[in-house]
Peer 1: 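Dropping the structure in here first, questions after.
Values below: every heavy atom of this structure, side chains too, minus hydrogens, waters and symmetry copies. Each chain gets a letter, A, B and so on, in the order its sequence line appears, and its residues count up from 1.
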Amino acid sequence: MEEILQDLNNKQREAVEYLDGPLLVLAGAGSGKTRVLTYKIAYLLNKEVVKPWEVLAITFTNKAAKEMKERAINLIGEKANEVWLGTFHSVCVRILRREIEPLGYGKDFNIFDELDKDKVIKEVVKKLNFDEKQYSPSYVKYEISKAKNEMKDSKKYRESVIGDYRREKIADIYELYQMTLKQNNALDFDDLLMLTVELFVKFPDILIRYQSKFKYILVDEYQDTNKIQFLLISMLSSVHGNICVVGDESQSIYGFRGADISNILNFENEFPNAKVVKLEENYRSTQNILNAANHVIKNNKSKIDKKLWTQNDEGKKIEYKTLNNEYEEVEYIVDKIDEICKDEKMTYSDFAVLFRTNAQARVLEEVFMRSGTPYKLIGGLKFYSRKEIKDLTSYLKLIQNTNDNIALKRIINEPKRGIGDTAIDRLDRLAEQKGVSIFELIQDSSNLEGIRSAGNIIMFRDMINNFKKAKDELLVSDLMKLILKESGYEDMLNAEPSKESEMRFENLMEFIGVAMEFEKESADNSLQDFLESIALVSDVDKLDESAEAVTLMTMHSAKGLEFNVVFLVGMEEGLFPSKKSIEEDEKCEEERRLCYVGITRAKKKLCITNVSKRTLFGSTTYAIPSRFISEIPEELFDEASKDNISLKKRKQEKFLDNEYSQVEKMINNFDRYIEVKPKSNNSFGINVNSFLSSIKTNSTKAPTNNNTNKYVVGMYVKHKKFGKGVIQKIEPEDDDLKLDIMFEQSGFKRLMANYTPLEIVK
DNA sequence: AAAACGCCGGTTTTT
DNA sequence: CCGGCGTTTT
């Protein structure tokens, strides 16, 4: 053990060896906090202070848990396998699978994702006859989630909102929502935590069991824990007080989902006699990068006094470049990556491109693909929310837990079996009347009297019953194949030979691949475990570090990771910091912490980009450089970037003074106009002068009629969507022409000349 | 019952 | 600009 501890610096070692009660490790970015946790686990087990299964270690992602376990095994061998290591959510599931029954749920509960929740809320709002606009799933979900994170059930929530009409209605929705979940034997994400706490409160004997089981508790990323998570660990550790939390308040970036920075700021009050160890030496980044990060975070008022320093070299200067639009921004990055690869002998996996919003991923993906640069996109398009994946998952969920009406309703007529909405509604209501699940209801054929599709429903029911029988005999991946075959899903896709169904089939194959992967690594590979694994994995969990490709992800997802070269893109006011955060100081400080996280991901080189014009929601607006750029001292940038900074400062002032001229406005509009059209296409015959004069009166609308003499009957034209066609008839209408066109593939269409992008074919 | 059309709202960030 | 959803059309 001694020689293992040699790997640590004095502070790290102090944190590892301290075992007498609560310990708060304030660990700056790159100061080796994961290392401390891993070594501490090893130390605890090696010294035989506690048994492996008496250690509870909580990480932020499953991936972090897995890595920590691997490293601990490397240090002290296989016994580290027995440690309870996971995220708050996965640990709670593990507890609830054993203990949930006293709360009135079955052990085989399903976990509802966001889409399932939306469905339930919509159903409930409809049932209560509330206005579906006013009580949208997004708003209702937010309120319910907030309530659950404050440990309020619907009753407590109702008490807390007396007098607030709208929220009183939410209380009604919450109540029925929760009842529905229970009927479905389903838990949402917040329930996993809330019900665990509820269980401990209602059944103290269960709490006592876990209190005496977990003799040492460790929590990583403590700055991002919320009230209920705090409650959990304080309950579990209240007897022995052996709790070690590690965090960095400068990296607290999950306030929007209830993370409470006061957990870390008040740790010493909540856990009296707590020892505090600060880790301030950074091993990750160059001095320039660390300097930049320190200067940015300095602008936040609320923070614990802590100074990060490094013995590393000064390193490369920071680069900053402004491009015309988001496409050029990514094209620049792609070129830059190739350049750095060549000059610095790096490979694609050394790079990460970090952005603020998922919407930015689209352009990134497009340009990376086009340029042939290998990339791995984290998050982005949601694999598990694709229709075909949701469908197959619903089959599995129903087989696992037949109370899941949401899953049943999704697939009872998918593929089409002639079971219509009226029939499903009737079943739904009848089941509710009888207080049973739909699946239970249809077990008894006499319940189907008077329903036209009764025969089809019986066939469906028998099929699911057969799957249930097969469930325990088959590997999950084989069960999936069986479902696709027997349900007719595969036939349905094959029947329609389109690119779309081909894609769907490929996605399903990929999904089966995920299951096979899962079977490989888990000894206990039940259907339930598989469903759990797909419900609880985060996007980063799927990150394959060995793949030789550039990583593209949000700054949030990048937490805890590091890369040799980091690009921070879209550094513009309104995007980063986000529009919504700008008004509130507190929220803007969270954005600044996020920026700090982004910068400190970089080991050797940092590149910052933004654009002067950004298209969002289909319309283009001028962008102003992010305030965070000006918070980085100019001398940390390279020469070329400095020019950019001073230029941008001038431009920013101009905008703030609202002084840009009419001429500039016109140019702005003109730019936008020509951007919309295909670059090489000049067939519109735009008269620049008349166009410019038209925007004075009519700033952004389509041009006035200039098509009068352009088209004649019999002329061949090409439309972007409809393809090639011939003009059959031309009729003037107001300022425009009405064209009747027969398209070769798409058939007859009537189009207005001024609004249709038509190309004349000779 | 299924395709086609048209309107609306959404972009912060996620276990 | 996109996807989801309700309405209309075949």
Peer 1: Considering every strand and a 4.0 Å limit on heavy-atom distances, what is the contact class for A:Phe60: base, sugar-phosphate, or nothing?
Peer 2: sugar-phosphate
Peer 1: Would A:Tyr254 count as stacking on B:dT13 if stacking means ring centres less than 5.5 angstrom apart and planes tilted under 30 degrees?
Peer 2: no
Peer 1: On a heavy-atom basis, which atom in A:Leu187 and which in A:Leu96 lie closest, and how many Å separate them?
Peer 2: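 Smallest interatomic distance, heavy atoms only, reads CD2-CD1, 3.7 Å.
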Peer 1: According to a strict under-4.0 Å criterion, is A:Ser557 in side-chain N/O contact with OP1 or OP2 of B:dT14?
Peer 2: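 Result: yes.
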Peer 1: Check A:Glu132 with A:Lys122, please: is the shortest side-chain N to carboxylate O separation under 4.0 Å?
Peer 2: no
Peer 1: Taking the cut-offs as 6.0 angstrom to the six-membered ring centre and 45 degrees off its axis, would you call A:Arg504 and A:Tyr489 a cation-pi pair?
Peer 2: no
Peer 1: Heavy atoms from C-beta onward define the side chain here; which of C:dG6, B:dT14, B:dA2 lies closest to that of A:Glu132?
Peer 2: C:dG6
Peer 1: Provide the Watson-Crick or G-U wobble partner of B:dT14, both distances under 3.5 Å; none if there is no partner.
Peer 2: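 B:dT14 is unpaired by these criteria.
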Peer 1: Looking at B:dT13, I'd like to know if its phosphate oxygens (OP1 or OP2) sit under 4.0 Å from a side-chain N or O belonging to A:Asn358.
Peer 2: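 Yes, within the criterion.
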Peer 1: ring-ring contact (aromatic ring centres under 6.0 Å, His included), that's the test. Do A:Tyr254 and A:Phe60 meet it? Break it down for me.
Peer 2: CA-CA 11 Å; A:Tyr254 283 94; A:Phe60 197 70; 5.1 Å; yes
Peer 1: Between atom CG in A:Asn456 and atom C1' in B:dA1, what is the gap in whole Å?
Peer 2: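 It works out to 13 Å between those atoms.
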Peer 1: Pick the nucleotide of DNA chain B nearest each of A:Ser136 and A:Lys416; which residue has the one closer to the 5' end?
Peer 2: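 Nearer the 5' end of the strand: A:Lys416.
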Peer 1: Would you mind telling me which of B:dG10, B:dT13, C:dC2 lies closest to the side-chain atoms of A:Arg362?
Peer 2: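 Among B:dG10, B:dT13, C:dC2, the one nearest the side chain of A:Arg362 is C:dC2.
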Peer 1: Between P on C:dG3 and NZ on A:Lys390, what's the gap in Å once rounded to a whole number?
Peer 2: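 Between P of C:dG3 and NZ of A:Lys390: 18 Å.
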Peer 1: Using the aromatic ring of A:Phe256 (for Trp, its six-membered ring), decide whether it stacks on the base of B:dT13 within the limits of 5.5 Å and 30°.
Peer 2: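 Yes, the aromatic ring of A:Phe256 stacks with the base.
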Peer 1: When you measure from the side-chain N and O atoms of A:Thr554 to the phosphate of B:dT14, is any distance below 4.0 Å, counting only OP1 and OP2?
Peer 2: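 Yes, because at least one side-chain N or O of A:Thr554 sits under 4.0 Å from OP1 or OP2 of B:dT14.
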Peer 1: Identify which nucleotide among B:dT11, B:dC8, B:dT15 has an atom closest to any side-chain atom of A:His89, counting heavy atoms from C-beta outward.
Peer 2: B:dT15
Peer 1: Looking at A:Tyr139, does the NZ or CZ of A:Arg166 lie under 6.0 angstrom from its six-membered ring centre and within 45 degrees of the ring axis?
Peer 2: yes
Peer 1: A:Arg417 CZ to B:dA2 P: how many Å, rounded?
Peer 2: 12 Å
Peer 1: Whether A:Lys613 and A:Glu326 form a salt bridge (side-chain N of Lys/Arg under 4.0 Å from carboxylate O of Asp/Glu) is what I want to check.
Peer 2: no
Peer 1: Mind calculating the distance between CD (A:Glu573) and P (B:dT11) to the nearest angstrom?
Peer 2: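 So the CD-P distance, A:Glu573 to B:dT11, works out to 21 Å.
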Peer 1: For B:dC7, give its Watson-Crick or G-U wobble partner with both distances under 3.5 Å, or none.
Peer 2: C:dG4
Peer 1: Between B:dT13 atom C1' and A:Lys579 atom NZ, what is the distance in whole Å?
Peer 2: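 Between C1' of B:dT13 and NZ of A:Lys579: 17 Å.
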Peer 1: Hey, does A:Gln360 reach any base, or is it just sugar-phosphate, or nothing, if we go heavy atoms under 4.0 Å?
Peer 2: nothing
Peer 1: If each of A:Ser578 and A:Asn413 is mapped to the nucleotide of DNA chain B with the nearest heavy atom, which maps nearer the 5' terminus, i.e. the 5' end?
Peer 2: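 Its nucleotide being nearer the 5' end, the pick is A:Asn413.
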Peer 1: Does A:Lys122 put a side-chain nitrogen or oxygen below 4.0 Å from OP1 or OP2 of C:dC5?
Peer 2: yes
Peer 1: Between B:dT11 atom P and A:Leu364 atom CG, what is the distance in whole Å?
Peer 2: 20 Å
Peer 1: Let's see if you can work this out: which of B:dT14, C:dC1, B:dT13 has an atom nearest to the side-chain heavy atoms of A:Arg257?
Peer 2: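 It is B:dT14.
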Peer 1: Rounding to an integer number of angstrom, what distance separates C:dG4 and B:dT13 when you compare their P atoms?
Peer 2: 16 Å
Peer 1: Measure from the side-chain heavy atoms of A:His556 and tell me the nearest of B:dT11, B:dC8, B:dT14.
Peer 2: B:dT14
Peer 1: If you look at every strand shown and take non-hydrogen atoms under 4.0 Å, does A:Leu536 touch a base, only sugar-phosphate, or nothing?
Peer 2: nothing
Peer 1: Tell me the interatomic distance from A:Leu193, atom CG, to B:dT15, atom C1', rounded to whole angstroms.
Peer 2: 8 Å
Peer 1: Taking the basic N atoms (NZ, or NE/NH1/NH2) and the acidic carboxylate oxygens, is any pair closer than 4.0 Å for A:Lys141 and A:Asp188?
Peer 2: no
Peer 1: How long is the line joining CG of A:Asn226 and C1' of B:dT14, in whole Å?
Peer 2: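 Rounded to whole Å, this separation is 12 Å.
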